[in-house]
Amino acid sequence: MENNRWLVHQRPSTSLWKRVLIMVGLGLVIQLPPTILLALHNHRHFDRLTWSILSVYLVAFVLIILLALKVYRTYDRHLHRPQGFGKRLKWVIGGYVAILIGEGFLSRLNYLLYHETSTANNNNIAQLMGNNPVTVITMGLTAVILTPIAEELIFRGALMNLFFKDNSVVWQVILSGLVFGSEHASTNPVSFFIYVYLGMVLAVVYVKSGDIKNSMLLHALNNLIAMMVLLNGIH
């Protein structure tokens, strides 16, 4: 039966302050990779310096993923059975349709109220990439592969298991959305809520499907299409 896929997992007893500090730490370290990439903003050639910076960038990303994975596995409350391709596809496609509808409405509202055609976060990414092939390739690949893994482990896997009880799904989803939104640059309440909404959809897919891989795949699809739109605007 459907409910049999959930097996309650005993969480370690950890004080609230320690759990808050863990989450604050994860929220800070996920900002490290793009900061490292700033060093390549005006460096357009694949020379020794470029490869050194890229190595630090990738190592930092991998270490962040491993750290987030450790926290997630430590505090994860559920075990579940593997899901087939069809069920995963349903969650990913359904989630992306929800993202398109919600963000389409919010983006239109953002334009009507604040005359913004793009969020500050997307503008920052476009500026960081510029016409630099090094940063374009690096950010293009990591945005679709490493970023979804790291951010889902942090803002869904860790955050949604660190706080609240098992039956507090609504509060878990809201908290995940608010924290996720706060990690993305915004210039007004509507652009902020665009990312809050995205985080909430990803949280719903994770908690309702019972598998964080589904929210990772949805996040990757969303980033892939967003990067294609950004690259089209740059070029």
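Numbering starts at 1 and runs along the sequence shown. Only a predicted model underlies this, so the values are computations on that prediction, with no experimental measurement involved.
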Over 12 non-hydrogen atoms of neighbours within 6.0 angstrom of OH in Tyr111
no
Any residue meeting side-chain contact (heavy atoms from CB on, under 4.5 Å) with Val204, in chain and number order, not counting sequence neighbours:
Val173, Lys208
Can you list everything that forms a side-chain contact (heavy atoms from CB on, under 4.5 Å) with Ile65? Sequence neighbours excluded, please.
Leu146, Ile149, Ala150, Leu153
Are [X] and [Y] in one and the same hydrophobic cluster, where Ile, Leu, Val, Met, Phe, Trp and Tyr link if side-chain heavy atoms are under 4.5 Å apart?
X: Ile125; Y: Leu141; answer: yes
X: Leu162; Y: Leu21; answer: no
X: Leu49; Y: Leu40; answer: yes
X: Val92; Y: Leu100; answer: yes
X: Leu202; Y: Phe105; answer: yes

Atom [atom1] in [X], atom [atom2] in [Y]: separation rounded to 0.5 Å?
X: Asn222; Y: His219; atom1: CG; atom2: NE2; value: 6.5 Å
X: Tyr75; Y: Lys70; atom1: OH; atom2: NZ; value: 9.5 Å
X: Gln172; Y: Met160; atom1: CD; atom2: CE; value: 4.5 Å
X: Leu224; Y: Tyr96; atom1: CG; atom2: OH; value: 8.5 Å
X: Trp171; Y: Leu178; atom1: CH2; atom2: CG; value: 9.5 Å
X: Tyr206; Y: Lys213; atom1: OH; atom2: NZ; value: 11.0 Å

Audit row: Leu89, Leu217, side chain to side chain contact (heavy atoms under 4.5 Å, CB included) steps and yes/no
CA-CA 9 Å; Leu89 186 63; Leu217 290 170; over 6 Å; no
Side-chain heavy-atom pair [X], [Y] within 4.5 angstrom cut-off:
X: Asn110; Y: Leu106; result: no
X: Thr147; Y: Phe61; result: yes
X: Gln83; Y: Trp91; result: yes
X: Phe155; Y: Ser215; result: no

Residues in salt bridge (charged side-chain N to carboxylate O under 4.0 Å, His left out) with Glu151, at least two apart?
none
Donor-acceptor side-chain pairing of Arg156 and Ser176 below 3.5 angstrom:
yes
With a 3.5 Å cut-off and sequence neighbours excluded, list the donor-acceptor pairs that the side chains of residues 53-60 form with protein atoms.
residue, atom, partner, partner atom, Å
Ser55, OG, Trp51, O, 2.7
Tyr57, OH, Thr142, OG1, 3.0

If you look only at distance, which donor and acceptor atoms sit under 3.5 Å apart when one is on a side chain in residues 22-37 and the other is two or more places apart or in another chain?
residue, atom, partner, partner atom, Å
Gln31, NE2, Glu183, O, 3.3
Gln31, NE2, Glu183, OE1, 2.5
Thr35, OG1, Gln31, O, 2.9

Donor-acceptor contact present, side-chain Asn223 to main-chain Val144, <3.5 Å
no
Look only at the side chain of Asp76 and the backbone of Tyr72, and say whether a donor-acceptor pair between them is shorter than 3.5 Å.
no
Going by side chain to side chain contact (heavy atoms under 4.5 Å, CB included), Ile154 matches just one of Leu69, Ile64, Val71, Leu159. Which one?
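Looking at Leu69, Ile64, Val71, Leu159, the match for Ile154 under the side chain to side chain contact (heavy atoms under 4.5 Å, CB included) is Ile64.
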Considering non-hydrogen atoms only, spot the tightest contact between Pro148 and Ala143 and give its length.
CD-O, 3.2 Å
Testing the basics here: between Leu230 and Ala126, what is the closest heavy-atom pair and its distance to 0.1 Å?
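Minimum heavy-atom contact is CD2-CB, 4.1 Å.
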Arg88/Asp211 salt bridge by N-O under 4.0 Å criterion
yes
Could you go through residues 191-200 and list every donor-acceptor pair under 3.5 Å that involves a side-chain atom there, pairing it with any protein atom two or more places apart or in another chain?
residue, atom, partner, partner atom, Å
Ser191, OG, Thr187, N, 3.3
Ser191, OG, Asn188, N, 3.3
Ser191, OG, Asn188, O, 3.0
Tyr195, OH, Thr119, OG1, 2.7
Tyr197, OH, Ala98, O, 2.6

